[in-house]
Amino acid sequence: MGKKSKYLVTAALPYANNYIHIGHIAGAYLPPDIYVRLKRLNDEELVFICGSDEHGTAIEMAALTENVTPKEIIDRYHYSNKESFEKLNIKFDIYSRTSNEIHHKTAQEFFLNLFDKNLLTQKTEKQLYSEKEKRFLADRFIIGTCPVCGFEEARGDECENCGSNLSPLELINPKSKITGDIPVEKETTLFYFPFGSYQEELSKWIDSKTDWKQNVINYCKGWFKTGLRERAITRDLDWGVKVPLENQNGKVIYVWFEAPIGYISMSKELFIEKGNPDGWKDYWFDKDTKLVHFIGKDNIVFHSIMFPAMLMAHGDYILPYNVPANEFLNFSGAKFSKSKGNGILVKDIVKIFPADVIRYALAVNFPETKDSDFTWDDLQAKNNNELAAILGNFINRTVVFAKSKFDGKIPSAEIKNENDEKILESIKLSASRVNEFIDKFRFRDGITEMMNSVRAANKYFNDSEPWKLIKSDKARCGSVINTCLEICHSIAVLINPLLPDTSKAILEILNKDESDLKWNKIGRRVLKQDTILGENKILFPQIEDSLIIRLNEEYSSKTEKLVETDETNLVSIDDFRKLELKVAKIMDCERVPKSKKLLKLKLKVGDKSKQIVAGISEYYEPEKLLGKLVVIVNNLQPSKLMGIESQGMLLAAKKNGELKIVTVEGDIEEGADVN
RNA sequence: GCCGGGAUAGCUCAGCUGGUUAGAGCGUCGGAAUCAUAAUCCGUAGGUCGGGGGUUCAAGUCCCUCUCCCGGUACCA
């Protein structure tokens, strides 16, 4: 064994304005968790860093839209996402957040370091300023008439109607999206970072990274080809890390610049927690540290170009050793999309399936070289046909056999033969292959290798035929079962990085502590004969079709295409009678978080209550709807909108940007039929 | 528009600098076995590698072109 390496592993900082979904997990969080767990089993020295990215316009905008403070937004998503990771057993050494003071300080120091070296340039330009709100408006906060197509609600950065990319200054009649205030043009001075002057050094550096994934290198080369340009690193905004200079009121460091510094500040925080405040330097300043950034492909430019350029400019820190970016995970052929609300959120899926099942289903199909596809049917198949059938079954058949034929004790292995040693040896070899694969970020191959070991174990069981031996040669049979139990232990270690809960469960069944939970113990005999086995347990219960059918229905409604209605199409009275229109009373009403138009309504229809999600919040304040009698389609097939079930449809009239809900003239008891 | 990526067995995916009969897992079908969550093990079948053209002794792999999908980016004065 040579000198152990030291690893500084990071996972992309999730932006705290949304709940994370399983696409994120497959892309940037489960791979490093497996990687880190494996390194730990090999006694490598490492830290694993992650946390929420909590600044920037999008969060401020979400806050304004919901009429809450940014702090409320980031708290909601920070704690929820942190919990999501925990539920999936993705175990960071620290999961912190960029709103912490230590991060503000670290980012400011970083900024000042570059400023003091005269590496930053300043430029003055015109931007839109709201006198009323006393601040510059971010592009997306401005709406106005599109100069290209005349659409009246174009945003400052792009027109959703014609797709044009716009600058806010081009908009005709611009106004603040939030207050409706009319902004004025005002000059502002911002700092820029000259990426262009680092292009050559970066390019050479990337060229030296021959072992990086091809997709990452391609992205970088693409950027070099178009040429790196300077980029603003400050902006006029309240919510963020303040620019640490005089006369910079109302200015913050741009979030893309400040967020990756979070890796550094979170490292500091971790070592403060450990009672070793300078410990982070052993990682960030040591040329032998392997800094590995796990990210999704959308983040490549930041981690393999911008952040390295910043680190070069600063000079003290190490550069990334590798940036193993994954592609994207699709869902049933469609993209995960926040706006369409069809992502499978981690906080939802962990309520349905055990962490290990989710981890396995995602990991065998990591989007390592191209986008890959996730389906519920696939998850079921992976659980039933692989986890349960191959892995769970081997443990179960071994333990059940030992329990019934050897008094629940580990029999002795006195009558060994070469087959016993062969299988153990092959698992040991397999383990070293797993190690190599994962070290090269080839997780899928590594996992295939793990499962091959378990297949080999089943084969050994079959070929040894202990059910026959028990009748003819009990001592030899005991040796076989002893070996199988040893294999169970090896498997527990082997799968530990991928399936930590299952690994633990196997150890419990074997009544074995974690003292031999080490990679180099794979394929070795570590059990004591005559140990009484623990309680057996089905590791992977079958997933029934009915559950999968239900999930398919639930999630397909989110991706359904809208069917256009033909206005000239006539319906018969029978068709009309299929609709059950009823009068309902609005009992409760609230905005759907992070949605633009949705209100969640609690209705009373006769003696039943109902929940309906309606897209009317741009026209009605929730409070004003309370108590109103409205008309609803009572028997509409329920569907989910942004994860919230809607059990009907509210009728409303709409024209020329006006919308009025259909109410009842006079008073009538709710629940009344409408026809 | 331009740049980049993708399109390979029923499904999900591998195939580095071109080279013998294109691979894996799951599913299918057949067999063996019956300790085990009807779970295992062995074997079989399945692909004109998106369409078309070209280079080459030889192309999934290189070139051209077309179709579809996905990113990025520009312009629409």
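Remember, it's a predicted structure, so these values are computed and weren't measured experimentally. Chain identifiers are assigned alphabetically (A, B, ...) following the order of the sequence lines, protein sequences preceding nucleic acid strands; residue numbering begins at 1 within each chain.
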Practice prompt. Take the protein atom CG of A/N384 and the nucleotide atom C1' of B/C26, then report the distance between them rounded to whole Å.
Written response: 12 Å
Worksheet entry | Set of residues satisfying side chain to side chain contact (heavy atoms under 4.5 Å, CB included) with respect to A/D473, sequence neighbours excluded | A/L469, A/A475, A/R476
Worksheet item: Using the C1' atom in both, what is the distance from B/G18 to B/A58, to the nearest Å?
Response: 8 Å
Discussion item. Would you say that more than 12 heavy atoms from the other residues, nucleotides or ligands in this model lie under 6.0 Å from the CD of A/E125, or not?
Written reply: yes
Worksheet item: B/U55 and B/U65: how far apart are their C1' atoms, nearest whole angstrom?
Response: 15 Å
Worksheet item: Looking for any heavy atom pair under 4.0 Å, which part of the strands does A/I395 touch: base, sugar-phosphate only, or nothing?
Response: nothing
Worksheet item: B/U56 and B/G19: how far apart are their C1' atoms, nearest whole angstrom?
Response: 12 Å
Response to the item:
The single option from A/F366, A/Y29, A/Y35 that satisfies ring pair (Phe, Tyr, Trp, His ring centres under 6.0 Å) with A/F294 is A/Y35
Discussion item. By nearest atom, which of the nucleotides B/U37, B/G5, B/U40 is closest to the A/N218 side chain?
Written reply: B/G5
Discussion item. In this structure, how many angstroms lie between the P atom of B/U73 and the CD1 atom of A/I305, rounded?
Written reply: 13 Å
Item to complete: State whether A/N385 places a side-chain N or O below 4.0 Å from either non-bridging phosphate oxygen (OP1 or OP2) of B/G27.
Response: yes
Discussion item. Need one value for A/K459: base, sugar-phosphate or nothing, where a base atom within 4.0 Å counts as base even if backbone is also close, heavy atoms only.
Written reply: sugar-phosphate
Discussion item. Between B/C35 and A/W467, is there a base-stacking contact, meaning the centre of the base's six-membered ring lies under 5.5 Å from the residue's ring centre while the planes stay under 30° apart?
Written reply: yes
Worksheet item: Within the structure, does a side-chain N or O atom of A/R442 lie under 4.0 Å from either OP1 or OP2 of B/G15?
Response: no
Worksheet item: Using a cut-off of 4.0 Å on non-hydrogen atoms, how would the nucleic acid contact of A/A388 be classed: base, sugar-phosphate, or nothing?
Response: base
Worksheet item: Between A/N452 and A/S404, which has a closest nucleotide on RNA chain B that is more 5'?
Response: A/N452
Discussion item. If you assign A/F401 and A/V454 each to the RNA chain B nucleotide with the nearest heavy atom, which residue ends up on the more 5' nucleotide?
Written reply: A/F401
Item to complete: Identify whether any heavy atom of A/N458 sits under 4.0 Å from a base atom; if not, whether one sits that close to sugar-phosphate; answer base, sugar-phosphate or nothing.
Response: sugar-phosphate
Discussion item. If the threshold is 4.0 Å, N to carboxylate O, is there a salt bridge linking A/E368 and A/K213?
Written reply: no
Worksheet entry | Cation-pi geometry met for A/K474 and A/F406 (6.0 Å, 45°) | yes
Worksheet item: How close or far is atom P of B/G4 from atom OH of A/Y219, stated in whole angstroms?
Response: 13 Å
Discussion item. Check for me whether the distance between the ring centres of A/F193 and A/F191 falls short of 6.0 Å.
Written reply: no
Worksheet item: When we call it a touch if two heavy atoms are under 4.0 Å apart, what does A/F374 touch: a base, just sugar-phosphate, or nothing?
Response: nothing
Worksheet item: Are A/D377 and A/K382 ion-paired here, with the side-chain N under 4.0 Å from a carboxylate O?
Response: no
Practice prompt. May I ask you to say what A/G222 touches in the nucleic acid, namely base, sugar-phosphate or nothing, with a heavy-atom cut-off under 4.0 Å?
Written response: nothing
Discussion item. In whole Å, measure the gap between the C1' atoms of B/A33 and B/G25 for me.
Written reply: 23 Å
Worksheet entry | Carboxylate-amine/guanidinium contact A/R433 A/E449, below 4.0 Å | yes
Practice prompt. Please measure how far the C1' atom in B/C69 lies from the corresponding atom in B/G50, and state the result in whole Å.
Written response: 11 Å
Worksheet entry | Listed nucleotide nearest any side-chain atom of A/A389, set B/A36, B/C35, B/A39 | B/A39
Discussion item. Using the C1' atom as the point on both nucleotides, what is the distance between B/U44 and B/A9, in whole Å?
Written reply: 14 Å
Discussion item. Between B/G10 and B/U48, how far apart are the two P atoms, rounded to whole Å?
Written reply: 8 Å
Worksheet entry | N-glycosidic conformation, B/G46 - syn within 90 degrees of 0, else anti | syn
Worksheet item: Quantified in whole Å, what is the C1' atom distance between nucleotide B/C16 and nucleotide B/A59?
Response: 15 Å
Worksheet, complete the sentence: Note, RNA chain B 5' to 3' with Watson-Crick or G-U pairs under 3.5 Å encoded as ( ), [ ], | and . gives (((((((..((((.....[...))))..((((.......))))......(((((..]....))))))))))))....
Discussion item. Whole angstroms only, please: what is the CG-C1' distance between A/D373 and B/G6?
Written reply: 14 Å
Worksheet item: To the nearest 0.5 Å, what is the distance between NZ (A/K440) and CG (A/N435)?
Response: 11.0 Å
Worksheet item: Roughly, in whole Å, what's the span from CG in A/L498 to P in B/G25?
Response: 18 Å
Worksheet item: For the pair made of CZ in A/F328 and P in B/U12, what is the distance, rounded to whole Å?
Response: 20 Å
Item to complete: Give one of base, sugar-phosphate or nothing for A/K468, where a contact means two heavy atoms less than 4.0 Å apart.
Response: sugar-phosphate
Discussion item. I need the CZ-P distance between A/F441 and B/C16, as an integer number of Å.
Written reply: 20 Å
Worksheet item: What's the CG-C1' distance between A/N393 and B/U37, to the nearest Å?
Response: 7 Å
Worksheet item: With a 3.5 Å cut-off and just heavy-atom distances, do the side chain of A/N462 and the base of B/U40 make a donor-acceptor pair?
Response: yes
Worksheet item: Any ion pair linking A/K370 and A/E327 (charged N to carboxylate O, less than 4.0 Å)?
Response: no
Practice prompt. Have a look at A/F540 and say if it touches a base, only the backbone sugar-phosphate, or nothing, with a 4.0 Å heavy-atom cut-off.
Written response: base
Discussion item. Mind checking if A/Q214 touches a base, just sugar-phosphate, or nothing, with heavy atoms under 4.0 Å?
Written reply: nothing
Worksheet entry | B/A7 OP1/OP2 closer than 4.0 Å to side-chain N/O of A/K370 | yes
